[in-house]
Amino acid sequence: MTQLESQPRAPETMLMRANDMTARARWYLAIAGVRHLLVGGFAIMMPSSFKSTSFIPILEAAPLWFWAIFSLGAGVACAGAAASRSEPLARLGMAWSAVLTLLIGVGLLMSVYTGQSTSPTGPIIWLAVALKDFVVCAQPIRSPFEGLTEQLARKKKQAQT
């Protein structure tokens, strides 16, 4: 039981073996990996696309090549975990993704408050994605639909017996 769960899960709801990775988890990791690979790739291949004034706080904190390598590393870790079904690599990738996304979101938020950005949607989206990644890091096997998934799996298992 994790600290976020109010009660331990009943043994009959634990249908997967330890260290099995669901397709949902692999898709989540793959999507996070692609997001970071694309951002890092654009930062290396098309650095001129990061000239908006909203990037000033981010680029003042570190040069673009640093953010590109940071993003590519997170992408490789997440995508690699999805492909290899490696739980340790998934934990590293999701933590890396959450921290990177949070840093970018905070940088974009700073640009709104310093008048370098005219729209708050960038920081809202990046910070929301960062918080979602942190939730996945804290309680990786839960989703709003986990109860429904477990019910359907129990019914399917009962039908097979």
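In this chain, residues are counted from 1 in sequence order. None of these values were measured; they are calculated from a predicted model. As a basis for the values below, the full set of heavy atoms in this structure was taken, side chains included, without hydrogen atoms, waters or symmetry mates.
Around atom CZ of F66, more than 12 heavy atoms belonging to other residues, nucleotides or ligands sit under 6.0 Å away.
For the atom pair CZ (R154) and CD (Q151), the distance works out to 6.0 Å, reported to the nearest 0.5 Å. Rounded to the nearest 0.5 angstrom, I44 CD1 and W65 CH2 are separated by 11.0 Å. Between the CE atom of M110 and the CD atom of E60 there is a distance of 8.0 Å, given to the nearest 0.5 Å. To the nearest 0.5 Å, atoms CZ (F70) and CD1 (I104) are separated by 8.5 Å. For the atom pair E87 CD and L92 CG, the distance stands at 12.5 Å (nearest 0.5 Å). Taking CG from L108 and CG from L127, the interatomic distance works out to 8.0 Å, rounded to the nearest 0.5 Å.
Contact between A82 and L29 at its shortest, heavy atoms only, is CB-CB, 3.8 Å. Contact between P123 and G105 at its shortest, heavy atoms only, is CB-O, 3.8 Å. Heavy-atom minimum distance, A130 versus A98: CB-O, 4.0 Å. Between A79 and L37, the closest heavy-atom pair is CB-CD1, 4.4 Å. Between A81 and L89, the shortest heavy-atom contact is N-CD2, 3.5 Å. Of all non-hydrogen atoms in K51 and P47, the two that sit nearest each other are CE-O, 4.1 Å.
In this structure the side chain of Q116 reaches within 4.5 angstrom of the side chain of P57, judged on heavy atoms. Contact annotation: the side chain of S52 approaches that of F55 to within less than 4.5 Å [non-hydrogen atoms, C-beta and beyond]. Considering only heavy atoms from C-beta on, H36 comes within 4.5 Å of T101 through its side chain.
Residues R35 and S97 bring a donor and an acceptor atom of their side chains to less than 3.5 Å of each other.
Hydrophobic clustering of Ile, Leu, Val, Met, Phe, Trp and Tyr side chains at less than 4.5 Å, counting indirect connections, keeps V129 apart from V136. Note on V39 and I56: separate hydrophobic clusters, where clusters join Ile, Leu, Val, Met, Phe, Trp and Tyr whose side-chain heavy atoms are under 4.5 Å apart, directly or indirectly. Residues L131 and W96 fall into different hydrophobic clusters, defined by Ile, Leu, Val, Met, Phe, Trp and Tyr side chains chained together at heavy-atom separations under 4.5 Å. Linking ILVMFWY side-chain heavy atoms closer than 4.5 Å, directly or via other members, places V135 and I31 in two distinct hydrophobic clusters. Note on L102 and L109: same hydrophobic cluster, where clusters join Ile, Leu, Val, Met, Phe, Trp and Tyr whose side-chain heavy atoms are under 4.5 Å apart, directly or indirectly.
No donor-acceptor distance shorter than 3.5 angstrom exists from the side chain of S71 to the backbone of W67, with no hydrogens or angles considered.
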